[in-house]
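I have placed the structure first, in the form of structure tokens, so that the comments after it can refer back to it.
Worth knowing before you read on, the calculation uses all heavy atoms, side chains too, and leaves out hydrogens, waters and symmetry mates.
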Amino acid sequence: MMELDAINILLVADPSEEAGWLPLLQSEGPAAHFQVRHARSLTEGLAWLQKEAFDLVLAGLSLPDSHGFATFERLRAQAPRMPIIVLSGTDDESQAIRAVREGAQDYLVQGQVDARALSRAIRNAFERHRAEQVLREREKHLKLLLDSIADYHYTVQLSAGHPVQSAHGAGCTAVTGYAPEDYAADPELWLRMVHPDDRKAVLAQADRVKAGETPPPLDHRILHKSGQVRWVRNTVVPYRDQRGQLAAYDGLVADITARKLAEDKLVASEAFYHSLVENLPQNIFRKNVAERFTFANHRFCEMLGKSLRSEEHTSELQSLAYL
């Protein structure tokens, strides 16, 4: 039999609720591996959360100093990462849905749950929370990896195929001049900073992602906050939820300005070189190691009456190489 981990539980319930829940926690015996600390008021429960590490909170909603959903909200604010199971004496479907939607692991009604069901709910909530922690650590690790292969990354959340929220990594400031909070405050900034001549291509890339595709990386220009034009490579990776629906997409942005400037200089240099040799009064040609002509200037070809670009004339030029 697999050995179960001990679970340190904080039970926040008034004495009348305690009489219903505590026996269920104790009836499973040593096999349940529950260590229970009982707080009989919200104030006492919040104090325990400050001074002791718990794995899970069982929270009643009717306490001497707090009543209703506000009890859960204050516990959640005190320990936002703590898994909380709401305990109630009332079978209220709307309140149950609200609790789970706001982050509760479960909603249990007194009198409808036996010791085995309570133990299973606690164990499931604990394991689910532990899996979520592992997932958060993996996501953090992934973000570090993304930052190492790109200058910054961003995430766009989608609802029904439409962007509803975006988050930009801290590296965006060095690339664009704008801080993450600038993008949060201005939802259209990401598009407005794109060079006007490149916006159509950027929008087309975004449309392909929203249509469920994974488009190739796109090189385009942006306008830095300082007004400087920069080149970036934008790689977009879609993310789908458990139902296979497109829920978000991540973008990896690399600043390729230096590379683009170097390419432009190389093109300009080659153009200048060809212009120079074409207009020199000397005959100039170049051959490879196989003695094949790879270039001849206009003067040399004109003197021979041949063209380097013609297959027939190129062959004739090759024959001249051995004369």
Lys/Arg-Asp/Glu bridge criterion (N-O < 4.0 Å) met for Asp198, Arg221: yes
Would Arg130 and Glu127 pass as an ion pair if we require N to O under 4.0 Å? yes
Should the pair Glu73-Arg98 be classified as a salt bridge under the 4.0 Å nitrogen-to-oxygen rule? yes
With sequence neighbours excluded, tell me which residues meet salt bridge (Lys or Arg N to Asp or Glu O under 4.0 Å) with Arg74. none
Hey, are the side chains of Val86 and Leu58 touching, using non-hydrogen atoms and a 4.5 Å cut-off? no
Roughly how far, to the nearest 0.5 Å, is CD1 of Ile122 from CG of Asp106? 10.0 Å
For Asp219, what residues pass the salt bridge (Lys or Arg N to Asp or Glu O under 4.0 Å) criterion, not counting sequence neighbours? Arg233, Arg259
Sorted by chain and number, sequence neighbours left out, side-chain contact (heavy atoms from CB on, under 4.5 Å) with Asn124 holds for Arg120, Arg128
When you compare the side chains of Asp92 and Thr90, does any donor N or O come within less than 3.5 Å of an acceptor on the partner? no
Going by atom type alone, with no hydrogens or angles, which donor-acceptor pairs under 3.5 Å involve a side-chain atom of residues 202-211 and a protein atom two or more places apart or on another chain?
from, atom 1, to, atom 2, distance (Å)
Gln205, OE1, Asn234, ND2, 3.3
Gln205, NE2, Asn234, O, 3.1
Arg208, NE, Glu213, OE1, 2.9
Arg208, NH2, Glu213, OE1, 3.1

Partner residues of Asp186 under the salt bridge (Lys or Arg N to Asp or Glu O under 4.0 Å) criterion, sequence neighbours left out: Arg192
side-chain hydrogen bond (donor to acceptor under 3.5 Å, both in side chains): which pairs involve residues 162-176, sequence neighbours left out? Thr176-Tyr183
With Tyr178 via ring pair (Phe, Tyr, Trp, His ring centres under 6.0 Å) - residues at least two apart: none
Leu61, Leu75: one ILVMFWY side-chain cluster at the under-4.5 Å cut-off? yes
Across all chains, not counting sequence neighbours, the salt bridge (Lys or Arg N to Asp or Glu O under 4.0 Å) partners of Glu181 are none
Tell me which pairs pass ring pair (Phe, Tyr, Trp, His ring centres under 6.0 Å) where either residue lies in residues 46-77, with sequence neighbours left out. Phe69-Phe72
Who passes side-chain contact (heavy atoms from CB on, under 4.5 Å) against Asp91, sequence neighbours left out? Val109, Gln112
Please assess Arg76 against Glu102 for the test salt bridge (charged side-chain N to carboxylate O under 4.0 Å, His left out), listing each intermediate value before the final yes or no. CA-CA 9 Å; Arg76 186 72 170 168; Glu102 294 293 329; over 6 Å; no
Can you pull the ring pair (Phe, Tyr, Trp, His ring centres under 6.0 Å) pairs that have at least one residue in residues 93-116, sequence neighbours excluded? none
All pairs passing ring pair (Phe, Tyr, Trp, His ring centres under 6.0 Å) where residues 186-227 contributes a residue, at least two apart: none
